Amino acid sequence: MSVTRDEILVTLRGVTDPIGGQDIVTAGLVRALTVDGGTVRFVMEIDPARAKTMEPVRAQAEARLRALSGVQSVSIVMTAHAAASAPPDLKMKPATPQGPEKIAGVDRILAIASGKGGVGKSTVAANLATALAAEGRRVGLLDADVYGPSQPRMLGVSGRPASPDGKTILPLRNHGVTLMSLGLMTQENEAVVWRGPMLMGALQQMLFQVQWGALDVLIVDLPPGTGDVQMTLTQKANVDGAIIVSTPQDIALLDARKGIDMFNKMGTPIIGMIENMAVHVCSRCGHEEHIFGQGGVRAEAEKLGAPLLAEIPLHFDIRTASDGGAPIVVSKSASPQAQAFRNLARKLIETGQA
Ligand code: ADP
């Protein structure tokens with residue numbers, strides 16, 4: 001049995017905010033709560049001056065949630081609610097554009113979304129970006145998965161982006177892709193306390209203060225679900241379309257539907273869906289098995305009148321390539337798995353989407 005949102009809230013009400021004496025839910029510290037199967041994520045908004053006092057509170061909340069049956073992983077990110085100016089060490093003012101804006105030099109913005117975590121959204125984003133670059137497109141990748149930025153690892157990029165003028169951020173680059181990620185702004189395994197702007201401010205900085213240069217397409221790897229990051233992105237930036245990644249499993253599809261609904265409400269066109277982990281191909285004998293079911297995403301795409309853009313197999317090499325910092329499109333470019341991503345890239349180019 002998976003845990004419910006209500007159970008999570010009841011548990012969090014058992015954790016007290018040492019300052020006001022209220023529980024952390026009533027005190028309004030719990031924000032952007034998402035419950036995806038056994039994965040619980042939320043943001044704790046705190047005053048930066050209270051970061052030390054609040055760390056034990058965060059740890060207690062995490063321990064209580066982990067003790068609940070049905071909870072497999074808990075991610076609590078602490079953010080500052082004070083309106084100051086910058087993510088760690090980069091002393092910059094947050095950009096505050098009003099409506100959706102174009103990013104200077106960027107032709108198109110494509111969002112890669114999923115309703116649920118762990119369906120391979122970041123893997124698709126990394127492989128699509130490198131496949132588009134291999135086709136000669138000028139590609140940027142913005143890793144906006146604030147809860148678990150994985151693109152630096154997948155693209156084999158490390159180091160901190162420089163900011164020579166203190167106003168703009170210089171992105172990093174590998175495999176032909178220009179990359180910016182919250183993961184590059186923080187130390188690995190560091191408990192993130194955003195001084196200055198909330199995560200949303202950080203997202204705006206990554207959109208508007210990074211020197212993206214001239215790009216044909218900027219791919220945005222969103223966090224799973226339908227939270228503040230999705231809202232901020234679609235409100236602030238001129239997003240040309242969203243691609244939804246799902247596995248064929250019912251539960252992932254249900255979540256994907258919510259994501260599609262949100263983009264519809266925000267007026268962002270759905271370019272299509274991608275079925276990931278469609279079929280498992282044994283790397284030794286080539287035997288095929290539909291571990292997460294079959295045809296679910298195709299049926300859903302048909303229902304929505306959205307194209308099914310790709311069916312990506314579940315394959316050992318796709319994971320090891322990503323873990324090794326060179327997506328399969330780069331490290332095993334001739335493999336059928338890499339070709340699946342190359343075909344996806346070509347399809348998007350042919351239809352004028354990328
Ligand atoms: P998400 O961004 O949706 O949370 P990730 O892209 O991080 O998901 O993928 C979760 C895990 O599954 C990663 O370890 C990744 O390497 C692996 N993975 C994703 N897609 C595939 C695939 N098609 N075949 C094998 N492993 C995959």
Side-chain angles (χ1 to χ4, degrees), residues 34-41 72-75 77 110-131 141-156 179 181-183 219-227 229-230 242-249 251-256 258-259 273-284 286-294 296-297 308-332 335-344:
T34 62
V35 184
D36 283 333
T39 304
V40 181
R41 296 185 175 89
Q72 272 123 33
S73 75
V74 178
S75 164
V77 177
L110 295 185
I112 310 290
S114 70
K116 189 172 172 282
V119 299
K121 169 187 50 60
S122 299
T123 306
V124 168
N127 279 288
L128 175 59
T130 45
L141 178 55
L142 195 169
D143 180 3
D145 194 341
V146 290
Y147 300 108
S150 53
Q151 292 302 348
R153 179 175 49 83
M154 289 192 179
L155 287 184
L179 173 72
S181 165
L182 280 181
I219 291 173
V220 183
D221 181 9
L222 285 170
T226 53
V229 175
Q230 284 78 352
I243 294 175
I244 315 284
V245 180
S246 180
T247 68
Q249 231 178 348
I251 180 80
L253 273 173
L254 279 175
D255 289 323
K258 283 188 219 155
M273 296 186 75
I274 293 177
E275 182 168 83
N276 189 32
M277 311 191 188
V279 57
H280 174 247
V281 187
C282 173
S283 54
R284 291 210 174 157
H287 173 67
E288 296 191 356
E289 256 178 343
H290 293 271
I291 292 183
F292 295 113
Q294 193 174 7
V297 183
L308 179 67
L309 297 169
E311 290 166 290
I312 310 292
L314 174 67
H315 197 283
F316 183 77
D317 291 346
I318 295 182
R319 184 191 64 74
T320 50
S322 292
D323 286 352
I328 194 157
V329 162
V330 176
S331 58
K332 286 200 175 178
S335 65
Q337 295 77 38
Q339 288 308 315
F341 289 113
R342 295 289 296 263
N343 291 341
L344 165 67

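As the structure lists them, so they are numbered: ligands from 1, and atoms in each ligand from 1. On a predicted model such as this, the values are computed, not experimentally measured, just so you know.
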Going from [atom1] on [X] to [atom2] on [Y], what distance comes out if it is rounded to the nearest 0.5 angstrom?
X    : Y    : atom1 : atom2 : value
S114 : I274 : OG    : CD1   : 11.0 Å
Q72  : T39  : CD    : OG1   : 6.5 Å
L142 : L222 : CG    : CG    : 9.0 Å
S335 : I328 : OG    : CD1   : 4.0 Å

Short N or O distance, [X] and ligand 1, threshold 3.5 Å exclusive:
X    : value
N276 : yes
D323 : no
L314 : no
G120 : yes
S322 : no

What part of [X] sits under 4.0 Å from ligand 1 if we count only heavy atoms: the side chain, the backbone, both or neither?
X    : result
K121 : both
D145 : neither
M154 : side chain
I318 : side chain

- Answer with yes or no whether Q337 contacts ligand 1, where contact means a heavy atom under 4.0 Å from a ligand atom.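 So Q337 does not count as touching ligand 1.
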- Message: Below 4.0 Å from ligand 1: does a non-hydrogen atom of P313 turn up there or not?
- Response: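 It does, in that a heavy atom of P313 comes within the 4.0 Å cut-off of ligand 1.
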- Query: atom 24 (N) of ligand 1: which protein heavy atom is closest, and how many Å away?
  - Reply: H315 N, 3.0 Å
- Message: To check your reading of the model: name the closest protein heavy atom to atom 4 (O) of ligand 1, its residue, and the distance in Å.
- Response: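 Residue, atom and distance for the closest contact: G118 N, 2.8 Å.
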- Item | Nearest heavy atoms of A126 and L141, plus distance in Å | CA-CD2, 4.3 Å
- Message: Please check: side-chain N/O of Q151 versus main-chain N/O of S122, any donor-acceptor pairing under 3.5 Å?
- Response: yes
- Task: Identify which one of L128, V329, N127, T130 satisfies the side chain to side chain contact (heavy atoms under 4.5 Å, CB included) criterion when paired with R342.
- Result: V329
- Message: Taking salt bridge (charged side-chain N to carboxylate O under 4.0 Å, His left out) as the definition, give me every residue that meets it alongside K121, ordered by chain and number, with sequence neighbours left out.
- Response: D145, D221
